[in-house]
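Right, one structure below, let's go through it.
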Amino acid sequence: MRKNRASVRAVGVGISVALLVAGAAACTSDDKKDEKDTAKAQAATGAPAATPAPASTSKGPEAFAAAGYRGLKPGMAKDAGLATGALESVPVSLLDGCTDFVYKGGPAPDQARMAAEAATEARYKDLNAKADAASGKAPAPGGTLPPNASAKDAAAAAAGSAAGAKGSADAAKAIADATMALVDLRFAQEAKDKAYLATGRVSFAATGLRELVAPAEAKTAEGLGAGSTVEALQQAYGAKGLQLAKGGTYVMPVEGQQGWQYEFTVDGDKVAGMAVVNREIKCA
């Protein structure tokens with residue numbers, strides 16, 4: 001009796017396995033049939049066959065670096081910089097002989113500010129030329145009279161001393177005027193720098209790109225930028241030569257690029273802006 005029951009169970013198991021295999025085969029056959037039907041339908045309607053979605057290749061935001069930013073590189077010629085498409089084509093400043101542009105989508109040129117810059121620079125050049133001329137034309141003092149000098153000699157020496165004093169006074173005034181004009185020019189430069197501290201700008205000298213000012217959203221490879229704390233700045237770059245310069249700006253030399261440096265403008269305990277610049281490159 002037990003033997004018969006075992007036989008019945010074995011037969012039942014065999015039947016179940018056979019049914020599972022048959023079902024799987026049927027499903028596979030149905031799936032293939034569905035695929036064929038779908039392919040036929042796509043061929044009939046002209047619809048393209050579905051393709052798997054490509055793997056994501058997106059990268060994070062571009063890091064602001066001395067090697068370049070948005071295709072712009074230190075020393076690059078102005079025409080080559082404009083050809084990158086990263087900049088607006090109309091200058092926003094021509095101050096002191098440099099030509100400055102903003103990044104694509106940046107603010108339009110401020111014509112009133114540019115006119116004021118031009119007037120300030122023209123005034124400085126004019127007064128500086130007058131100071132040079134006055135210094136060169138100032139008569140020499142009368143000098144010391146010999147023991148046997150006549151009254152006529154003494155009178156001539158006195159007249160020469162008076163002329164020399166007047167010439168020196170004129171030269172001193174011209175130099176003072178030129179110095180004040182230079183101060184005004186520096187204030188204009190600082191105002192320009194402040195105006196584009198958040199939007200960023202690129203400055204070209206006659207010899208090529210001399211300054212890259214980062215837009216507010218830019219970050220270095222270490223994640224530093226506008227809004228970072230001075231403490232974080234010191235921790236990241238203290239061992240790389242970061243120093244506090246005159247005017248409260250932190251500077252750090254660019255390794256392997258003579259004359260180039262990072263400049264971090266700070267406001268209180270936060271970074272307000274950053275740039276890569278070579279101050280040895282003169283605009284004009």
Side-chain angles (χ1 to χ4, degrees), residues 63-84 86-87 91-103 114 117-118 120-122 124-125 127-129 131-132 178-179 181-197 199-215 218 220-222 224-226 233-234 236-266 271-284:
F64 182 79
Y69 184 66
R70 299 189 182 181
L72 301 161
K73 302 179 183 299
M76 174 182 280
K78 181 180 71 175
D79 290 345
L82 292 172
T84 64
L87 303 172
V92 295
S93 177
L94 300 172
L95 187 61
D96 208 18
C98 271
T99 307
D100 291 8
F101 299 88
V102 294
Y103 298 102
M114 291 181 70
E117 288 177 354
T120 299
E121 187 171 4
Y124 165 69
K125 288 180 177 179
L127 291 175
N128 191 55
D132 288 342
T179 300
L182 178 60
V183 171
D184 291 341
L185 184 63
R186 293 292 176 259
F187 274 123
Q189 290 171 332
E190 290 179 4
K192 176 196 69 173
D193 293 347
K194 185 176 181 180
Y196 297 102
L197 189 62
T199 61
R201 62 181 173 83
V202 179
S203 183
F204 291 91
T207 56
L209 193 157
R210 66 180 292 271
E211 185 175 13
L212 273 171
V213 180
T220 66
E222 292 78 15
L224 277 295
L233 187 70
Q234 293 170 330
Y237 303 125
K240 296 182 178 180
L242 182 73
Q243 294 183 344
L244 181 60
K246 294 180 180 179
T249 300
Y250 282 87
V251 299
M252 181 178 69
V254 175
E255 185 178 358
Q257 295 187 41
Q258 181 66 33
W260 289 88
Q261 64 183 18
Y262 285 97
E263 293 185 355
F264 298 92
T265 303
V266 297
V271 175
M274 61 182 177
V276 174
V277 59
N278 188 336
R279 299 291 177 192
E280 296 177 5
I281 299 175
K282 303 304 179 183
C283 289

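Count residues from 1 along the sequence. Values in this document were obtained by computation on a predicted structure and should not be read as measured data.
Between Y250 and Y237, the gap from one ring centroid to the other reaches at least 6.0 Å.
In terms of heavy atoms, A86 sits closest to R70 at CB-O, 3.4 Å. Closest heavy-atom contact between F264 and V271: CD2-CG1, 4.4 Å. Of all non-hydrogen atoms in K73 and A67, the two that sit nearest each other are CG-O, 3.7 Å. Between A66 and V254 the shortest heavy-atom distance is CB-CG1, 3.5 Å. Between L127 and A178 the shortest heavy-atom distance is O-CB, 3.7 Å. In terms of heavy atoms, M76 sits closest to G71 at CE-O, 3.3 Å.
Qualifying side chain to side chain donor-acceptor pair (under 3.5 Å) partners for Y69, counting only residues two or more places apart in sequence or in other chains: none. Shown here are the side chain to side chain donor-acceptor pair (under 3.5 Å) partners of D96, two or more places apart in sequence or in another chain: Q189. Not a single side chain to side chain donor-acceptor pair (under 3.5 Å) links Y262 to another residue, sequence neighbours left out.
Within the 4.5 Å cutoff, side-chain heavy atoms of E211 are placed close to those of R201. Within the 4.5 Å cutoff, side-chain heavy atoms of F64 are placed close to those of V276. A 4.5 Å side-chain heavy-atom check between P91 and K78 finds every atom pair outside the cut-off. Contact annotation: the side chain of L94 never approaches that of E117 to less than 4.5 Å [non-hydrogen atoms, C-beta and beyond]. Counting heavy atoms from C-beta outward, L209 and I281 have side chains that stay 4.5 Å or more apart. Using a 4.5 Å heavy-atom threshold, the side chains of Y103 and L72 count as touching. Proximity of V202 to Y196: side-chain heavy atoms (C-beta onward) are nowhere separated by under 4.5 Å. Between M274 and T220, the closest side-chain pair of non-hydrogen atoms falls below 4.5 Å.
How far CE of M114 is from CG of D100: 9.0 Å, rounded to the nearest 0.5 Å. Taken from CG in D193 to CD in E263, the straight-line distance is 9.0 Å, to the nearest 0.5 Å. The CD atom of Q261 sits 7.0 Å away from the CZ atom of R279 when rounded to the nearest 0.5 Å. Going from atom CD of E121 over to atom CG of N128 covers 11.5 Å, rounded to the nearest 0.5 Å. Residue F101 holds its CZ atom at 9.5 Å from OG of S203, rounded to the nearest 0.5 Å. Note that CG of L182 and OH of Y124 are 5.0 Å apart. Values are rounded to the nearest 0.5 Å.
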